[in-house]
Amino acid sequence: MSTGIVITLCVLVLLAYIFDITSAKTRIPSVILLLGLGYVVKVTSLYLGIPLPALDPILPVLGTVGLILIVLEGALELELDRSKLPFIRKSMFVALLPMLALSFGIAWAFWYFGEGSFKDALSSAIPFAVISSAIAIPSARNLNEKDRSFVTYESSFSDIFGVIFFNFVTENDHIGSGTWGQFAGQIFLILFISFVATLALTYFLNNIKHHIKFAPIIIIVVLIYFVSKIYHLPALIFILLFGLFLENIDELAHIKLFRRINLTQFNMEVHKFREFTGEFAFLVRASFFILFGFLLDKSEIFNPASILWAVGITASIFLVRGLTLYLARLPLQPLLYLAPRGLITILLFLSIPNHKLNPIASNSLVIQVIVLCALIMMIGLIKTPTSHGNKD
């Protein structure tokens with residue numbers, strides 16, 4: 001039995017790799033293929049009568065680790081300088097405005113047509129308003145450099161803003177002046193932790209000569225994230241700042257604290273670390289979506305009770321996105337289509353307590369919105385010419 005499991009896992013990962021490298025040619029988002037692969041494995045195992053343990057508890061852990069690695073991988077690809085500040089502000093605007101507009105708009109619909117309080121409806125709506133960087137960043141790799149950087153910034157900011165907003169709404173029963181003060185304190189504390197931890201990890205990366213150094217850094221980053229979560233701190237800020245710091249340390253070379261760093265050697269180590277993070281992120285991301293596909297129920301995918309809601313929410317997502325891109329004076333093609341929902345949507349949805357979940361926000365609705373957004377993204381990417389990574 002153990003031999004069969006190992007062989008099956010190896011075949012699944014290799015198939016996920018094939019999906020990943022062929023997505024540039026087929027323009028089919030790998031998430032759709034991975035979900036389908038997981039579902040096929042489930043049907044096959046049931047047909048063959050293979051007993052399997054309960055895998056549901058693994059999904060949130062895989063998803064959280066995947067989110068950490070994907071945001072870190074994206075941050076390690078972003079170069080910062082003063083000329084890019086307007087570009088970064090614009091990506092923050094496009095990430096924040098639709099997230100807030102969709103959250104309150106969908107929440108109003110949930111509250112008006114469903115049951116419960118508006119606050120619970122808002123908690124249930126936020127997962128649908130957040131772009132999934134786990135899908136957006138890999139899907140944008142064949143766009144030109146400017147569009148690819150924008151998608152990386154925007155989806156990473158959307159994840160961070162979405163998680164912070166979601167935690168703020170779900171963890172505070174009453175929102176008042178004291179709540180805002182506590183929230184400001186949490187932001188300040190995570191910025192301080194990010195500064196100290198980033199300096200320590202940079203020292204580790206620069207000075208440790210042991211042949212194993214990247215795995216401990218990843219473990220420490222994950223550890224800091226989960227410990228921060230215990231104290232309700234917005235830990236994704238730390239992940240983003242750490243990645244940006246490593247990639248852009250050249251910009252800080254004039255500061256006395258960093259003059260002793262051999263930048264040429266350090267940048268080589270960062271390049272290796274980025275490759276290690278990317279491969280690890282691929283493995284975790286692929287495992288998450290295969291497992292999620294395995295746990296899918298056919299009745300949830302084709303549930304007629306939620307399909308109208310799914311179509312309405314999906315239409316709202318792309319309508320609000322189009323208006324926001326227009327206000328930001330950004331091209332609709334191909335950015336309009338790159339608004340997938342996925343890993344972060346599932347993670348936030350699974351973390352809502354059952355007694356606070358609006359009855360309209362069902363598993364079926366989450367799955368249908370994810371699939372519809374992925375299909376629209378696929379159609380948009382098929383219409384977009386491949387740039388092969390050329391700069392604008």
Side-chain angles (χ1 to χ4, degrees), residues 20 23 29-31 63-80 84 87-103 126-166 234-244 247 274 277-278 281-282 284-285 288-289 314 317-318 320-322 324-325 328 330-332 334-348 369-370 373-374 376-378 380-381 384:
D20 198 61
S23 62
S30 59
V31 62
T64 304
V65 174
L67 178 64
I68 293 168
L69 293 172
I70 290 158
V71 172
L72 178 58
E73 180 189 14
L76 287 168
E77 295 179 357
L78 298 175
E79 296 181 2
L80 296 178
K84 290 188 177 181
F87 181 76
I88 295 171
R89 285 196 295 267
K90 189 172 289 189
S91 65
M92 292 179 68
F93 169 79
V94 176
L96 182 60
L97 181 62
M99 190 269 292
L100 293 175
L102 287 168
S103 294
I126 293 172
F128 297 98
V130 183
I131 294 174
S132 173
S133 60
I135 301 175
I137 292 175
S139 300
R141 68 172 58 134
N142 295 300
L143 304 180
N144 61 59
E145 183 177 334
K146 184 177 180 180
D147 288 343
R148 187 169 64 250
S149 296
F150 178 82
V151 170
T152 301
Y153 274 119
E154 180 206 13
S155 60
S156 297
F157 284 135
S158 183
D159 283 352
I160 292 169
F161 292 150
V163 170
I164 292 174
F165 186 39
F166 178 82
L236 276 181
I237 293 177
F238 158 65
I239 307 298
L240 181 66
L241 292 179
F242 174 59
L244 288 174
E247 178 60 24
R274 182 167 58 243
T277 303
F282 158 76
V284 176
R285 182 177 64 243
F288 175 86
F289 285 115
T314 304
I317 287 170
F318 288 96
V320 172
R321 181 168 181 79
T324 308
L325 290 173
L330 289 167
L332 294 181
L335 297 179
L336 174 64
Y337 308 105
L338 285 154
R341 270 53 182 169
L343 187 150
I344 187 67
T345 304
I346 298 166
L347 284 180
L348 294 181
V369 170
I370 290 173
C373 288
I376 291 173
M377 185 177 70
M378 178 181 70
L381 291 176
T384 304

>> Strictly distance-based, threshold 3.5 Å: is any side-chain N or O of R321 a donor or acceptor partner for the main-chain N or O of L335?
In response: yes
> Partners of E73 by side-chain hydrogen bond (donor to acceptor under 3.5 Å, both in side chains), sequence neighbours excluded?
Replying inline: none
>> Does this structure show an ion pair linking K90 with E154, if we count only N-O contacts that are shorter than 4.0 Å?
In response: no
>> Please find the pair of heavy atoms, one from L325 and one from P331, that lie closest to each other, and give the distance.
In response: CD1-O, 4.3 Å
> Judged by atom type as modelled, is there a donor-acceptor pair below 3.5 Å linking the side chain of T345 to the main-chain atoms of P127?
Replying inline: yes
> Can you name the side-chain hydrogen bond (donor to acceptor under 3.5 Å, both in side chains) partners of S133, sequence neighbours left out?
Replying inline: D159
>> Just verifying a value: how many Å separate S103 OG and F161 CZ, rounded to the nearest 0.5 Å?
In response: 12.5 Å
> Under 3.5 Å, side chain of S91 to main-chain N/O of I88, donor-acceptor pair present?
Replying inline: yes
> Okay, side chain of R148, backbone of L143: is any donor-acceptor separation there less than 3.5 Å?
Replying inline: yes
> Which atom pair, heavy atoms only, marks the closest approach of I126 to V130?
Replying inline: O-CG2, 3.4 Å
> What's the shortest heavy-atom distance between S139 and M377, and which atoms?
Replying inline: OG-CE, 3.3 Å
>> When you measure from the side chain of R341 to the backbone of S132, do you find a donor-acceptor pair of N or O atoms at a distance under 3.5 Å?
In response: no
> Would you say R274's side chain and L76's backbone share a donor-acceptor pair under 3.5 angstrom?
Replying inline: yes
